Number of protein chains: 2
Amino acid sequence: MLSKQQLIEYSEDARKNYVNHISIDCVVFGFHEGQMKVLLLKTNDEEKWYLPGGFVLNEEHIDNAAVRILQERTGLDKIFLQQFRVFGDPDRSKFHNDMYVGMLPKEENWFSGRFISIGYYALVDFFDVTPHPDQFSELCAWRDLDDMPEMQLDHEKIYKSALDALRLQLNYQPIGYNLMPREFTMPELQKLYETILGKKLDRRNFQRRILGFGILNRSEEPRKGGAHKAPYLYSFDMENYQNALTEGFKGGW
Amino acid sequence: MLSKQQLIEYSEDARKNYVNHISIDCVVFGFHEGQMKVLLLKTNDEEKWYLPGGFVLNEEHIDNAAVRILQERTGLDKIFLQQFRVFGDPDRSKFHNDMYVGMLPKEENWFSGRFISIGYYALVDFFDVTPHPDQFSELCAWRDLDDMPEMQLDHEKIYKSALDALRLQLNYQPIGYNLMPREFTMPELQKLYETILGKKLDRRNFQRRILGFGILNRSEEPRKGGAHKAPYLYSFDMENYQNALTEGFKGGW
DNA sequence: TTTCATAGTGTATTAAGTACACAATTGTAA
DNA sequence: TTACAATTGTGTACTTAATACACTATGAAA
């Protein structure tokens, strides 16, 4: 245990040596017209895009901070959010570091510090989102996953890492409630899985497997009006879905 | 983009509203005599124990910070470390908050702040560790996983969360190189798995499965001298082991 | 030399994953 | 109106992994 004098010295040292800011970066996935989308921001002066992000308020839970940040960008208030990892490379700094670093002396400039970022990914319904730029940006928009622009700092690494985490999640948790409309066809759901995984799946085996999870309800009436054979419509059984979210799919050992 | 005036205001606000300290907490797992152990610290004045932890230096990678902290506690320099999640409840604060909070005015006391903690878990060889107390504690010792003491703050939540992460890891990565001696018997390895999972496994099925991973070499000579039938000795095939670490075991989808 | 605890090995059954083919529906073009 | 193309729905054989379970072998101690 420290004496008072030691505590004073420790506190002084800590204030000098442990000066790290925490930020939050969010990878928001949406799904539209068979394409996986990511919500990105851009200033007009810079070519590079960046992820929606922000900071944690003094008395705020970090998960709430992520929710708050995404509310501001998307207008949504119920968001599926998953913390997936922390990015703590000392070379990384907040996106506007370059931009603002010359404008003020280092001590006065918040952005001259070093930032450790907590990565979250979110799954949202594309149609529910109204993208709002933040105070640093002029543009907030969806970008296709297979046509991603050049990005600030390590944001490419972050969104790729989020995608990896999402793919891992597919193996032991249900996915889709937050990404699909209320009713959807089996081929549409399959397309979602194929997009996330980046590969084709067998129709018949996909159907058997996903139905085996017991998280889908098939409605009586098939979808009509479209070309070709009318497909059945499905929706998620929320009770079983929630249960599968907490329980997980396979036991493993 | 912000004007200079806006940047000044933003920086001032940020310095007031985003005052969060980052700490690192490590759950160090060891294995000895068929028991899973966790390395814990304790002061003499307090009954409660806490996890080894520390802070991130200004220009330090967070992973290196965790390595540095564990070097100081264990003497080890090559440690298997895995970041598993961030704990950001505003109620949590650094372990010595209660202890030191009255000793200095709030502004001068590092421990009066709010702490966001990055959780790491480590797997180490029990015999390689020489526990060193830190500057706040008088005691650093191994505790049995099934006889854990009362702990400071949310440290119980953290180590349980680490255990969950470790159990998940069993499903898609090899485990054991960092926890077992160089040579070991199949029943010993099985005991490790059983301890982590908290349940019994079938000997024959365990052996088939673990051998199927192709990460073990069986030595020519069985272990002699012990009671009962002499068991074979195994060691990890490091090339395949490393490969399995990065590749993972099952593809899932 | 018998007994007991532990180690090594194999086989049958069940469940899950994979590969693959044909029939049904609906709009469109001949 | 009819043939066609595109898409959907369904079933079955095959392979692989998971599970359940029983016998034989060894070595120390009684």
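All chains are named by letter (A, B, ...) in the order of the sequence lines, taking the proteins before the strands, and each is independently numbered beginning at 1. Here the structure is a predicted model, which means the values were calculated and not measured.
Atom-to-atom, CZ of R209(A) to P of dA15(C) comes out at 17 Å; the value is rounded to the nearest Å. Nucleotide dA17(D) holds its P atom 13 Å from the CZ atom of F249(B), rounded to whole Å. The separation between L189(A) atom CG and dT8(D) atom C1' is 15 Å, rounded to whole Å. dA16(C) atom P lies 18 Å from atom CZ of F206(A), rounded to whole Å. As a whole-Å value, the separation of L201(B) CG from dA17(D) C1' is 16 Å. In this structure, CD1 of I210(A) is placed 15 Å from C1' of dG17(C), rounded to the nearest angstrom.
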Pairs of donor and acceptor atoms involving the side chains of residues 173-181 of chain A, under 3.5 Å and at least two apart or interchain, shall be tabulated with distances.
from: Q173(A); atom 1: OE1; to: Q169(A); atom 2: NE2; distance (Å): 2.8
from: Q173(A); atom 1: NE2; to: L245(A); atom 2: O; distance (Å): 2.7

Validation: residues 63-71 of chain A side-chain donor-acceptor distances under 3.5 Å, sequence neighbours left out:
from: D63(A); atom 1: OD1; to: Y120(A); atom 2: OH; distance (Å): 2.4
from: R68(A); atom 1: NE; to: E60(A); atom 2: OE2; distance (Å): 2.7
from: R68(A); atom 1: NH2; to: F55(A); atom 2: O; distance (Å): 2.7
from: R68(A); atom 1: NH2; to: E60(A); atom 2: OE1; distance (Å): 2.9

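Note that CG of L170(B) is 5.0 Å distant from CG of L197(B), once rounded to the nearest 0.5 Å. Taking CD of Q190(B) as the start and CZ of F206(B) as the end, the distance is 5.5 Å to the nearest 0.5 Å.
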(request) If a protein heavy atom is under 4.0 Å from the base, mark B; if only from the sugar-phosphate, S; if neither, -; do that for nucleotides 6-14 of chain C going 5' to 3'. (result) BBBBBB---
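For NZ of K37(B), the number of neighbouring non-hydrogen atoms (other residues, nucleotides, ligands) closer than 6.0 Å is greater than 12.
Y241(B) and F236(B) have perpendicular rings, their planes meeting at more than 60° on a 0 to 90° scale where under 30° would count as parallel.
Applying the side chain to side chain contact (heavy atoms under 4.5 Å, CB included) test to L211(B) and every residue at least two apart in sequence or in another chain returns M186(B), Q207(B), L216(B), Y234(B).
Within the structure, salt bridge (Lys or Arg N to Asp or Glu O under 4.0 Å) pairs that include any residue of residues 173-190 of chain A comprise E188(A)-R223(A) (at least two apart or interchain).
Across the helix from dT1(C)-dA30(D) to dA30(C)-dT1(D), the helix axis at one end is tilted relative to the axis at the other end by 20° (nearest 10 degrees, each axis from five pairs).
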